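Structure first, then comments.
Just so we're on the same page: letters track the sequence lines, and every chain starts at 1. What you see is a predicted model, and the numbers here were worked out from it, not measured in a lab.
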Amino acid sequence: MSNYHFNEIEAKWQKYWEENQTFKAENFSEKPKYYVLDMFPYPSGAGLHVGHPLGYIASDIYARYKRHQGYNVLHPQGYDSFGLPAEQYAIQTGQHPAKTTTENIKRYREQLDKIGFSFDWSREVRTSDPEYYKWTQWIFIQLFESWYCKLHEQSFPISDLIGVFGKEGNIGLNAKCGNELPDFSAAMWNSFSEEKKQKILLNYRLTYLAETEVNWCPKLGTVLANDEIVNGVSERGGFPVIKKKMTQWSMRISVFGERLLKGLETLDWSESLKETQRNWIGKSVGASVEFRLLDEKKEFKSIAIKTFTTRPDTIFGVTFLTLAPEHELVDRITTIDQRIEVGEYVTVSAKKTERERMADVKNITGVFTGAYAKHPITKEPIPIWIGDYVLAGYGTGAVMAVPCGDQRDYDFAKHFGIPIKNIFEGIDISEKAHSEKEGTIIVNSDFINGLSYKEATDKVIEKLEKKHRGAKEINYRLRDAVFSRQRYWGEPFPVYYKDGLPQMIAAKHLPIRLPEIEKYLPTETGEPPLGRADVWAWDTNNNKIVSNEHIDNIIIFPLELNTMPGWAGSSWYMFRYMDALNKEEFVSKEAMDYWENVDLYIGGSEHATGHLLYSRFWVKFLKDRGFLSIDEPFKKLINQGMILGESAFVHRVEGENKLVTSRQIEGLNTQSIHVDISFVNTSNELDIEAFKNWRPEYKDAEFITEEDGTFKVSREVEKMSKSKYNVVNPDDICTQYGADTLRMYEMFLGPLEQAKPWSTAGITGVHSFLKKMWRLFHSGVDESLFVTDKPASKDNLKTLHKTIKKVIEDIENFSFNTSVSTFMIAVNELSTQKCNSKEILAPLLVLLSPYAPHISEELWSKLGNKESISTASFPKFKENFLLEEVKKYPISFNGKMRFTLELPLDLSKDEIESVVMSHEKTIHYLEGRTPKKVIIVPGKIVNIVA
RNA sequence: GCUGAAGUGGUGGAAUUGGUAGACACGCUGGACUUAAAAUCCAGUGGACAGUAAUGUCCGUACGGGUUCAAGUCCCGUCUUCAGUACCA
């Protein structure tokens with residue numbers, strides 16, 4: 001008996017691969033290297049659904065393909081097991097995150113194993129493993145011990161900077177790098193107390209402690225980075241976020257803006273993803289312009305309001321200034337008469353949540369400060385306003401408002417009756433502002449009259465620089481990333497506090513292990529859960545964690561209570577796989593130099609402004625400091641599209657216990673209720689009994705059915721999720737159809753990068769292909785293996801090489817969906833040709849093995865091979881089976897056009913004619929200026945001139 | 001609003017540098033096998049018109065134009081959908 005028993009075959013080969021360590025990668029090899037990486041999963045509690053493995057299947061196909069091509073392939077997998085998702089699941093189930101994480105990982109591993117991936121599990125990493133996060137802590141220390149020189153665009157050890165301060169102070173640095181810190185000389189530096197020195201250094205370190213306005217999410221009990229907020233609510237859970245001042249660790253990613261931007265040019269990523277990162281970095285080129293406060297009593301002579309503009313050419317159109325409500329000068333410049341009004345306005349806007357402020361965009365609000373500034377060129381008095389359309393976090397938090405050239409300034413001016421000055425020739429601004437830069441001549445503007453945007457911009461900047469009232473400036477939207485989380489389930493900081501100042505724990509004492517505490521829940525007020533640990537202080541004599549009780553002793557100090565965010569561990573994991581067991585270094589130089597960077601990275605596009613940006617930042621930093629030899633971690637990136645679920649709904653008549661079949665709901669006032677898709681068949685018919693048992697409240701409900709007694713549900717495509725009852729579990733598919741069918745079907749669904757709904761209905765097509773493939777190797781009579789050494793026919797070879805060509809092209813282009821079709825066509829053709837030649841079938845198996853590894857291994861071994869099919873080399877495409885030697889024949893087309901036709905030598909006229917009539921052949925179009933290729937349409941050739 | 005991607009049968013989707021549009025699969029229809037069903041296999045399947053038939057003709061890739069011997073593909077304009085981003089000065 002020799003039917004295709006996929007369950008047995010798959011279990012057999014998965015065991016074989018594990019026992020033989022078939023996919024273990026060596027760190028050094030004569031072969032060229034290739035590194036294929038998946039974005040490692042968060043082990044959440046729900047387990048995998050069919051959407052999760054999509055990217056893993058694609059990367060696995062590619063990894064297996066590269067092995068066949070003779071590469072030494074690194075294809076590892078691990079778990080991003082620290083962070084909010086893992087912790088939220090623990091909180092929901094009331095279990096300790098350490099416990100749920102271990103359980104979830106076990107479940108994930110079982111599910112992954114069933115699909116037959118070629119992962120090298122000997123290199124598994126878990127970000128929550130102390131042996132792993134030891135190095136995350138180590139990298140944090142390196143960041144703390146480094147600063148960024150804007151002049152050299154590079155990070156250096158902080159000790160270099162201390163050396164410079166001791167010799168020259170920071171005056172030179174401020175001038176060269178445009179730092180805004182108060183100047184000090186070498187003598188002053190040397191006279192500073194240690195405490196003051198440390199405080200100054202925090203302004204330079206790449207990770208620093210500062211009181212900043214952060215995004216606080218009370219429901220999650222933690223602060224969030226900008227990329228963790230979507231539409232003003234938290235990405236995880238969708239809870240409100242408010243602004244709050246807190247002392248937090250931050251990462252100085254902003255100084256890397258330019259390099260992160262430039263690096264994108266070298267990467268093979270999708271244009272849309274690069275664009276997302278470019279927008280996030282948000283570079284804008286413009287100028288800073290300084291407006292000095294107009295003050296007759298000369299009290300505030302030195303107060304200057306710095307603004308940023310991308311339109312220096314419109315400087316003569318300025319009719320007011322607007323400050324953000326949070327601007328630091330608001331208090332100082334507001335006149336006595338305006339104090340109450342301004343105070344109220346500032347308080348009200350501070351109370352708004354991120355979301356309210358976004359929702360309020362159309363409401364124009366603002367208040368006059370009573371103060372005036374002097375225009376830097378015309379010296380005219382300019383009124384200073386406050387408005388919340390100006391953001392404290394961007395530029396300088398103050399704008400020079402040009403109502404004629406900016407719609408927001410225009411709306412503000414109209415709303416408050418501020419004059420609008422037109423500086424554009426022949427442009428009507430009675431209805432709206434004119435914001436296009438190009439194609440306008442500037443007027444009413446003194447020395448730039450008659451100039452275009454570009455010329456005027458240069459002239460104005462030149463003038464401002466001469467008057468010391470401004471300079472050319474580049475601004476980035478990219479903000480420093482908050483790095484503290486008031487959560488339990490994350491990496492502890494290797495930091496203790498002495499006299500209120502942070503101190504690093506020496507690297508040799510790492511890891512600082514996360515203490516085991518009973519109450520790990522976050523608090524709404526923001527006290528970190530680690531504050532509840534009884535043993536969480538640092539003994540500097542013995543270099544170990546000790547009980548809190550001893551604090552105040554001179555050698556025992558409080559430890560940092562916050563933990564690191566989820567993206568800490570995922571920012572460098574791709575290097576740990578290279579050398580996962582190394583106890584001495586996070587990755588050895590040899591391993592690093594061999595594997596270099598990830599050649600192919602596959603994962604979701606939702607990480608565009610988080611993980612993919614942060615890890616690029618860390619890698620650039622580690623490269624600067626000599627710990628890595630490469631500058632960009634991910635050479636090629638593919639974003640797999642999400643697989644969506646097809647939810648099913650029953651319709652209940654509003655206010656009645658009556659359910660109506662989907663075709664009869666028209667005209668009725670009904671409410672849709674999600675129903676578990678396992679109660680619905682492919683014809684959308686509901687199993688009414690199962691539904692009644694599932695939802696007892698409808699036990700006695702009235703069912704309005706079709707005439708034939710069936711009850712139909714309606715369908716809708718949504719994100720696959722437990723709460724929508726539309727989850728399809730890959731385990732079930734594996735049991736019913738096998739992993740090879742699942743793998744091929746997931747690829748067959750559509751283009752890899754496109755979002756698409758899952759529908760189990762079509763899976764039979766792929767499954768019956770595998771059955772046909774199996775049958776191709778077996779005789780129809782007694783079902784034993786029926787493969788011969790007979791030479792292949794010409795037709796057989798043609799089919800094979802056509803398939804080789806297409807499959808290689810498809811894999812190289814990541815069009816895995818079309819190669820599934822190619823296999824189907826090949827098997828159909830070979831069945832028709834009754835091909836049983838080993839010369840054809842063996843290479844076909846190798847070709848198929850990346851897609852359907854289990855069946856390929858089984859048939860491969862049946863053919864008498866002792867080694868795993870993964871060691872076989874990929875068949876090579878030979879063109880001569882498809883094309884023949886050619887000779888040029890001029891022909892004419894439709895009796896008018898003359899072409900040259902390339903055809904085999906020594907053909908008779910009849911043969912040429914039959915070729916032309918039946919095949920696609922390339923000919924050159926001669927009558928046009930440039931020769932073009934055309935395909936002959938059979939039957940339309942009138943004359944062939946030999 | 002801005003940026004990016006896309007719009008092809010009943011459905012998912014194929015179509016090298018412009019060259020027989022709808023591969024492959026699902027679904028549907030018919031047939032074979034079967035007591036029957038399932039499974040399996042075979043055939044048909046964009047639309048309209050003509051023909052007993054083989055077949056032929058015309059129309060068809062969101063819409064309107066254009067370039068070309070030839071356009072799903074290139075150019076201009078319009079509409080729609082999806083995704084990202086959003087008071088960024």
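Put simply, A:Arg775 has a side-chain N or O that comes within less than 4.0 Å of OP1 or OP2 on B:rC41. For the OP1/OP2 pair of B:rG84 and a distance below 4.0 Å, the side-chain nitrogens and oxygens of A:Ser605 include no atom meeting the criterion. For A:Gln754 and B:rG13, the shortest distance from a side-chain N or O to OP1 or OP2 is below 4.0 Å. The phosphate of B:rC2 has neither OP1 nor OP2 within less than 4.0 Å of any side-chain N or O from A:Asn279. Between B:rG13 and A:Lys756, no contact under 4.0 Å exists linking OP1 or OP2 to a side-chain N or O.
Side-chain contact annotation: A:Thr365 with A:Tyr345, donor-acceptor N/O pair under 3.5 Å present. Using modelled atom types, one finds no donor on one side chain facing an acceptor on the other under 3.5 Å when comparing A:Ser284 with A:Asn475. There is a side-chain donor-acceptor pair under 3.5 Å between A:Gln833 and A:Thr799. Residues A:Asp227 and A:Tyr614 have side chains that bring a donor and an acceptor to within less than 3.5 angstrom of each other.
For the C1' atoms, the distance linking B:rA70 with B:rG31 amounts to 41 Å, nearest Å. Annotation: B:rG66 and B:rC82 have their P atoms spaced 32 Å apart (nearest Å). Taking the C1' atoms as reference points, B:rG44 lies 15 Å from B:rG9, given to the whole Å. Taking atom C1' in both B:rA15 and B:rA71, one finds a spacing of 13 Å when rounded to whole Å. Atom P of B:rG18 sits at a distance of 9 Å from the matching atom of B:rC74, rounded to the whole Å. Remark: the separation of the C1' atoms in B:rA54 and B:rA50 is 14 Å, to the nearest Å. Annotation: B:rA14 and B:rU8 have their P atoms spaced 12 Å apart (nearest Å). A distance of about 13 Å separates the C1' atoms of B:rA6 and B:rG72, rounded to the whole Å.
Side-chain proximity of A:Arg477 to the nucleotides B:rU85, B:rA25, B:rA14 is greatest for B:rU85. Comparing B:rA89, B:rA14, B:rA25 by their nearest atom to the side chain of A:Asp406 picks out B:rA89. Considering only the side chain of A:Phe748, B:rG12 comes nearest among B:rC26, B:rG13, B:rG12. Checked against B:rA89, B:rC24, B:rC88, the side chain of A:Ser821 finds its nearest nucleotide in B:rC24. You'll find that the side chain of A:Thr818 is closest to B:rA15, out of B:rA25, B:rG13, B:rA15. Closest to the side chain of A:Tyr389, out of B:rC87, B:rG13, B:rG4, is B:rC87. The nucleotide whose nearest atom lies closest to any side-chain atom of A:Pro751 is, among B:rG13, B:rA89, B:rA23, B:rG13. The nucleotide whose nearest atom lies closest to any side-chain atom of A:Glu275 is, among B:rU3, B:rA89, B:rC24, B:rU3. Taking every side-chain heavy atom of A:Lys771 into account, B:rU40 is the closest of B:rA14, B:rU40, B:rG12. Side-chain atoms of A:Trp280 lie closest to B:rA86 of the nucleotides B:rG13, B:rC24, B:rA86.
Distance, A:Trp269 CH2 to B:rU3 P: 22 Å, rounded to whole Å. If you measure from atom CZ of A:Phe816 to atom P of B:rG13, you get 17 Å, rounded to the nearest angstrom. Between the P atom of B:rA14 and the CZ atom of A:Phe814 lies a distance of 16 Å, rounded to the nearest Å. Atom CG of A:Asn813 and atom P of B:rA14 are 13 Å apart (whole Å). With rounding to whole Å, A:Lys802 atom NZ is found 15 Å from B:rA15 atom C1'. Atom P of nucleotide B:rC26 and atom OH of A:Tyr745 are separated by 10 Å, given to the nearest angstrom. When rounded to the nearest whole Å, the span between CZ of A:Phe769 and C1' of B:rC24 equals 11 Å. Rounded to whole Å, atom C1' of B:rG12 lies 8 Å from atom CG of A:Leu749.
In this entry the base of B:rG9 is syn relative to its sugar, with a glycosidic angle within 90° of 0.
Shown here, B:rA32 forms a base pair with B:rU40; the pair counts as Watson-Crick or G-U wobble because both key distances fall under 3.5 Å. Across all strands shown, B:rA15 forms no Watson-Crick or G-U wobble pair with both key distances under 3.5 Å. As the counterpart of B:rA53, no nucleotide is assigned, since no Watson-Crick or G-U wobble pattern has both distances under 3.5 Å. Across every strand in view, B:rC88 sits unpaired, with no contact that passes the Watson-Crick or G-U test at under 3.5 angstrom. Remark: B:rA23 base-pairs with no nucleotide; criterion is Watson-Crick or G-U wobble with both hydrogen-bond distances under 3.5 Å. B:rC58 and B:rG47 make up a base pair, with Watson-Crick or G-U wobble contacts both under 3.5 Å. Nucleotide B:rU68 has no partner under the Watson-Crick or G-U criteria, as no pair reaches both atom distances under 3.5 Å. Shown here, B:rG77 forms a base pair with B:rC63; the pair counts as Watson-Crick or G-U wobble because both key distances fall under 3.5 Å.
A:Thr764 comes within 4.0 angstrom of the backbone, heavy atoms only, and of no base. A:Lys806 comes within 4.0 angstrom of nothing in the nucleic acid, heavy atoms only. Heavy atoms of A:Asn475 sit nowhere under 4.0 angstrom from any nucleic acid atom. Using a 4.0 Å heavy-atom cutoff across all strands shown, A:Val820 reaches no nucleic acid atom at all.
Take the nearest nucleotide of RNA chain B for A:Val399 and for A:Ile825: the residue whose nucleotide is more 5' is A:Ile825. Residues A:Glu271 and A:Leu391 both approach RNA chain B. Their nearest nucleotides, taken by heavy-atom distance, put A:Glu271 toward the 5′ side.
Paired with A:Arg311 under the rule side-chain hydrogen bond (donor to acceptor under 3.5 Å, both in side chains), one option of A:Asp313, A:Thr314, A:Thr309 passes, and it is A:Asp313.
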Point to revise | Steps toward salt bridge (charged side-chain N to carboxylate O under 4.0 Å, His left out) verdict (A:Glu265, A:Lys274) | key: CA-CA 9 Å; A:Glu265 290 165 22; A:Lys274 285 194 201 177; over 6 Å; no

**Study point:** Derivation of the salt bridge (charged side-chain N to carboxylate O under 4.0 Å, His left out) call for A:Lys806 and A:Glu809
**Key:** CA-CA 5 Å; A:Lys806 189 73 168 64; A:Glu809 272 171 17; 5.6 Å; no

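Ring pair A:Tyr745/A:Phe748 is tilted by interplanar angle, where 30° to 60° counts as tilted. Taking the six-membered ring for Trp and thresholds of 30 and 60 degrees, A:Phe416 and A:Phe412 have ring planes inclined between 30 and 60 degrees apart.
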